[in-house]
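Structure first, then comments.
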2 protein chains.
Amino acid sequence: MTEYILLGFLMEKDMTGYDMKQHMSMSTSYFVDASFGSIYPSLKRLNNKGFVALKETIENGKLKKTYSINEQGKVEFLKWLSSPIMVSRTDISSALEKIFFFRYLPHEQSIFLIEQCIHDIDRYKNSLLELKNKVDHEADPFGLCTLDFGIDCYDFAMHWCEEYLINKMR
Amino acid sequence: MTEYILLGFLMEKDMTGYDMKQHMSMSTSYFVDASFGSIYPSLKRLNNKGFVALKETIENGKLKKTYSINEQGKVEFLKWLSSPIMVSRTDISSALEKIFFFRYLPHEQSIFLIEQCIHDIDRYKNSLLELKNKVDHEADPFGLCTLDFGIDCYDFAMHWCEEYLINKMR
DNA sequence: TGCGTCATGTAACGGGTTACATGATTTA
DNA sequence: TAAATCATGTAACCCGTTACATGACGCA
């Protein structure tokens, strides 16, 4: 969800909504890319919930709202970050939302979450393999193709987590 | 979008909303899995738009609405199916929505759409490579990790399309 | 008797997008 | 002088989910 990405950005430094949009396009855009129509209401909500503070200034005649994360916001962000990575379907890239911010988590916890994630993906992959066995004879070639893609996709994600990510972290 | 998946199901045979949910769980669930709260309103909309016909029967005292696709519906479905596959971000599996139904498209057209898709993915991959060059020194390790995942993910999808899908089709 | 399956649907809510509205400053 | 960039925001709309409501049949 966008709100957590914005909180994550504020962990690094104070920013305006406009800054965050810019920052997004240079960092998370290939897996999360929110519009202003989503960013500004999110910031308002974060403020209402008491997770951020804002400082209004006037620069070059323009109103500027600079947001900063507070203690409560940090607690909320780390609570989200340390909760299990949910991977349903082959839309694996949703996992990137958390991995992107793993520098804010203790090393062992990051590794634990990734291993848990690998385990979940393995379960999904096995359920697809079962499905394939069931429909192998009746399904049409393209249906089987997409099934194979699903299986290969889970495989790719698992190997990437294991061989690339975990190895790089140790 | 769910409506097109439902239309696609009806290309094969007439079904009730309940049937479609069942069918989904055995076929598209790993990339599209709609709830009844989405399926029933979608069917109503398809009916209002004049893309499907429905036949109401009573079986075992229960009302049953069996939907069938009409000519207009087929035209609409094939129009959607033959339009370019949109792949933005690393959520590649959205491409599966169309590939799943490629049996309803002439072979050459399917191949054309996939080659177009490979080309698009290549552009996305290159923009990520550029981004990586730009931020290589400043970004933190996990930020770079997710970037690498993005690049590898596009690579995986391209190779899969080329080596697996296209080869299998020829 | 109570659970699982068949079968339909609505209402509240959530979270996103596009398009619009405003307006100053900087750059070509 | 016109466009791009900085900067904020709202309103309409889209589409999805969860939870709820209803009810019959068959089975253990």
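Note that these values count all heavy atoms, side chains included, but never hydrogens, waters or copies made by symmetry.
The CE-P distance, from M15(A) to dC6(D), rounds to 14 Å in whole Å. Between the NZ atom of K64(B) and the P atom of dT22(D) there is a distance of 24 Å, given to the nearest Å. Counting to the nearest Å, the C1' atom of dC14(D) and the OH atom of Y4(B) are 14 Å from each other. Put simply, CG on L63(B) is 12 Å from P on dT10(C), counting in whole angstrom units. When the P atom of dT22(D) is taken as reference, atom CZ of F36(B) falls 18 Å away, rounded to whole Å. Here the P atom of nucleotide dG23(D) and the CD1 atom of I58(B) are 15 Å apart, to the nearest Å. Going from atom CG of D33(B) over to atom C1' of dT18(D) covers 14 Å, rounded to whole Å. Here the C1' atom of nucleotide dG16(D) and the CE atom of M24(B) are 12 Å apart, to the nearest Å.
Taking the six-membered ring where the residue is Trp, W80(B) and Y4(B) present parallel rings, their angle staying beneath 30° rather than reaching 60°. Under the 30°/60° scheme for interplanar angles, the aromatic rings of Y18(A) and F36(A) are found to lie parallel.
Distance from the side chain of T2(B) is smallest to dG16(D) among dT17(C), dT8(C), dG16(D). With dG9(C), dA7(C), dG15(C) as the candidates, the nucleotide lying closest to the side chain of Y67(B) is dG9(C). Side-chain atoms of K65(A) lie closest to dT8(D) of the nucleotides dA7(C), dT18(D), dT8(D). Out of dT18(D), dA7(C), dG16(C), the shortest distance to the side chain of S35(B) is found at dT18(D).
K125(B) pairs with exactly one of D148(B), D155(B), D152(B), D120(B) by the salt bridge (Lys or Arg N to Asp or Glu O under 4.0 Å) rule, that one being D155(B).
Ring centers of F101(B) and F77(B): under 6.0 Å apart, within the cut-off. When ring centroids are compared, F149(B) and F156(A) come within the 6.0 Å threshold.
Look at Q22(A) and you won't find any side-chain N or O under 4.0 angstrom from OP1 or OP2 of dT5(D). For the OP1/OP2 pair of dC15(D) and a distance below 4.0 Å, the side-chain nitrogens and oxygens of S38(B) include no atom meeting the criterion. Within the structure, every side-chain polar atom (N or O) of T16(B) is placed at least 4.0 Å from both OP1 and OP2 of dC6(C).
The salt bridge (charged side-chain N to carboxylate O under 4.0 Å, His left out) search around E162(B) returns none, not counting sequence neighbours.
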Do K49(A) and E3(A) pass the salt bridge (charged side-chain N to carboxylate O under 4.0 Å, His left out) test, and can you show the C-alpha distance, the side-chain angles, and the key distance before you say yes or no? CA-CA 11 Å; K49(A) 288 176 189 167; E3(A) 282 177 41; 2.8 Å; yes

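In this structure, K62(B) reaches the bases: a heavy-atom distance under 4.0 Å links it to at least one base atom across the strands shown. Residue E56(B) is out of contact with every strand shown, counting any heavy-atom pair closer than 4.0 Å.
Within residues 40-53 of chain A, the residues having any heavy atom closer than 4.0 Å to DNA chain D are, in order of number, Y40(A), K44(A).
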